[in-house]
Amino acid sequence: MAVDLTPRQPKKTYGGEGSAYYEWSPADLPMLGVASIGAAKLSLAAGSLSLPSYSDSAKVAYVLQGTGTCGIVLPEATKEKVVGVKEGDALALPFGVVTWWHNAPDATTELIVLFLGDTSKGHKAGQFTNFQLTGANGIFTGFSTEFVGRAWDLTQDDAAKLVSSQPASGIVKLGAGQKLPAPSAEDRKGMALNCLEAPLDVDIKNGGRVVVLNTQNLPLVKEVGLGADLVRIDAHSMCSPGFSCDSAYQVTYIVRGSGRVQVVGTDGKRVLETHVEGGYLFIVPRFFVVSKIADASGLEWFSIITTPNPIFSHLAGRTSVWKAISPEVLEASFNTTPEMEKLFRSKRLDSEIFFAPN
């Protein structure tokens, strides 16, 4: 499989006044097209609003920085949900969901949101196609004033005024005094999970921590068809070599920190050896084995897996497949002595999937 796996940063698609929408393109990251995965990032300055839109792809959104508000209109819903969001929040956004995002005027930091999703049913493999409800590229500008007037029961003059008043970008800066709905604690239930506050699925002292998003803690994940996790490993710790054993791709965004990554593919060939840091994204092909070692700063990443309840097999640690294979098979497979086989098997008896430095 000769596809370039090199991690990439996104490129700005549109924006202004301190806000922007960024995308990763299959032209720069070919695995996006191969895996039919889309990836994008929204950055909103204080007082900015990302206009209502929907997408051709189901997504998982992850708040990388800041606090703000997300408006969500589920298919066939008669009322929007207004959800307060903050760093560490993950939201599952199924097909047909209309969303808007807002960063408060008094915010001290940008609101930055990562979007990862499945584009297999979309218009372009490996890239989201977003449909703006308003704005210069919104649906109102595509219809004639006659159709707009008939559909929304407006006069021709009012329809013309409405269409001509559309802002130029998918992101606008609200004027002084303009207010949006306040978030509702009730609306947040079942819509968001904070990965920095949720119970840990794995917690290894001086090693690392994992929170897994699945159908139990965020039910909408089932409709999205994707699983996700937030992984944080400590300084110089290692994440065990492992692979997805249910034919899933793993899409990884480096949230912060830095470290080294190796990926081994078919025929035992190392297909990626690189250094990563915050802001980069890469994709591990199906059944390929990946491992990471953090630098002194530690390493944190958010991943989606193209199945709602992913299963991983690890090749090192207490739950390693090697521990399950009989000694005789190991000895013959490695063409080694019984003494070396016992030494190999005796290691990492108490370690899980993260290994602290010696």
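Excluded from the calculations below are hydrogen atoms, water molecules and symmetry mates; all remaining heavy atoms, backbone and side chain alike, are included.
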Tyr280: hydrophobic cluster co-members (side-chain, 4.5 Å)
none

When rounded to the nearest 0.5 angstrom, what distance separates CG in Asp28 from CZ in Arg8?
6.5 Å

Backbone N or O of Asn214 within a donor-acceptor pair of the Asn217 side chain at under 3.5 Å?
yes

Identify the two heavy atoms, one from Val290 and one from Val261, that lie closest to each other, and give their separation to 0.1 Å.
CG2-CG1, 4.1 Å

Verify ring pair (Phe, Tyr, Trp, His ring centres under 6.0 Å) between Phe115 and Trp101, making sure each step is shown before the conclusion.
CA-CA 13 Å; Phe115 301 97; Trp101 300 81; 5.7 Å; yes

Just checking, any donor-acceptor pair under 3.5 angstrom between side chains of Thr141 and Gln166?
no

Side chains of Ile37 and Thr306: closer than 4.5 Å at any heavy-atom pair?
yes

Hydrophobic cluster membership, with links at side-chain heavy-atom distances under 4.5 Å among I/L/V/M/F/W/Y: are Ile304 and Val97 in one?
no

Donor-acceptor under 3.5 Å (Asp234 side chain, Ser237 main chain):
no

When rounded to the nearest 0.5 angstrom, what is the spacing between OG in Ser48 and CD1 in Ile171?
7.0 Å

Could you tell me if the side chain of Asp56 sits less than 4.5 Å from the side chain of Phe95, heavy atoms only?
no

In terms of side-chain heavy atoms, does Gln156 have a donor or acceptor partner in Thr145 at a distance below 3.5 Å?
yes

Return the minimal non-hydrogen interatomic distance between Gly84 and Pro183, and the atom names on each side.
N-CB, 3.4 Å

Pair Val211-Leu200, side-chain contact (heavy atoms from CB on, under 4.5 Å): steps then yes or no:
CA-CA 5 Å; Val211 170; Leu200 297 171; 3.7 Å; yes

Contact check, side chains of Phe355 and Ser240, non-hydrogen atoms, under 4.5 Å:
yes

Contact summary for Pro26 and Gly33, nearest pair of heavy atoms
CB-N, 4.1 Å

When you measure from the side chain of Ser333 to the backbone N and O of Val329, does any donor-acceptor pair fall under 3.5 Å?
yes

When rounded to the nearest 0.5 angstrom, what is the spacing between SG in Cys239 and CZ in Phe354?
5.0 Å

Please tell me whether Phe302 and Phe128 are part of a single hydrophobic cluster in this structure, the criterion being side-chain heavy atoms less than 4.5 Å apart.
no

Parallel, tilted or perpendicular: which describes the rings of Phe131 and Tyr54, with under 30° parallel and over 60° perpendicular?
parallel

Could you walk me through whether Ser50 and His102 pass the side-chain contact (heavy atoms from CB on, under 4.5 Å) test, one step at a time?
CA-CA 6 Å; Ser50 176; His102 177 239; over 6 Å; no

What's the spacing between Asp201 CG and Asp203 CG if we round to 0.5 Å?
10.5 Å

Same hydrophobic cluster for Met191 and Val73, using side-chain heavy-atom links shorter than 4.5 Å among ILVMFWY?
no

If you define the side chain from C-beta out and look only at heavy atoms, does anything of Glu23 sit under 4.5 Å from Pro10?
no

Is there a path of hydrophobic side-chain contacts, each under 4.5 Å between heavy atoms of I, L, V, M, F, W or Y residues, that connects Tyr22 with Leu93?
no

Evaluate the criterion ring pair (Phe, Tyr, Trp, His ring centres under 6.0 Å) for residue pair Tyr14 and Tyr21; output intermediate values, then yes/no.
CA-CA 6 Å; Tyr14 62 83; Tyr21 182 80; 5.3 Å; yes

Would a distance-only check, ignoring hydrogens and angles, find a side-chain to backbone donor-acceptor pair under 3.5 Å from Asp187 to Val82?
yes

For Asp118 and Ser120, does a side-chain donor sit closer than 3.5 Å to a side-chain acceptor?
yes

Does anything in residues 57-75 form a side-chain hydrogen bond (donor to acceptor under 3.5 Å, both in side chains)? List the pairs, not counting sequence neighbours.
Lys59-Asn130

Which distance, rounded to the nearest 0.5 Å, do you find between the OG1 of Thr252 and the CD1 of Ile283?
9.0 Å

Quick one about Asp157 and Thr155 (side-chain donor to acceptor, distance below 3.5 Å, no hydrogens or angles considered), yes or no?
no

Quick test of your reading of the model: are Asp89 and Arg188 salt-bridged, counting only N-O distances below 4.0 Å?
yes

Flag if over 12 foreign heavy atoms under 6.0 Å of NZ, Lys222:
no

Check: Glu87 and Leu111 side chains under 4.5 Å, non-hydrogen atoms
no

Residue pair Cys195 / Leu230: nearest heavy atoms and the distance that separates them
CB-CD2, 3.7 Å

Closest heavy-atom pair, Lys41 versus Tyr253, reported as atoms and distance to 0.1 Å, is NZ-OH, 3.1 Å

Could you check whether any side-chain heavy atom of Phe282 comes within less than 4.5 Å of a side-chain heavy atom of Thr274, counting everything from C-beta outward?
no

May I ask you to say whether Asp295 pairs ionically with Arg260, meaning some side-chain N is under 4.0 Å from a carboxylate O?
no

Quick one, Val251 and Ser303 - any side-chain contact, counting heavy atoms below 4.5 Å?
no

Quiz item: cation-pi between Lys292 and Trp301, 6.0 Å / 45°:
yes

Taking the side chain as every heavy atom from C-beta outward, state whether Leu114 and Leu42 have any pair of such atoms under 4.5 Å apart.
no

Salt bridge between Glu300 and Arg209, side-chain N to carboxylate O under 4.0 Å?
no

Spatial distance of atom OG1 (Thr6) from atom CG (Leu29) [nearest 0.5 Å]:
8.5 Å

Test your reading of the model: is there a side-chain donor-acceptor pair from Ser36 to the backbone of Thr119, 3.5 Å cut-off?
no

Between Gln9 and Trp24, which heavy-atom pair has the shortest distance, and what is it?
C-NE1, 3.3 Å

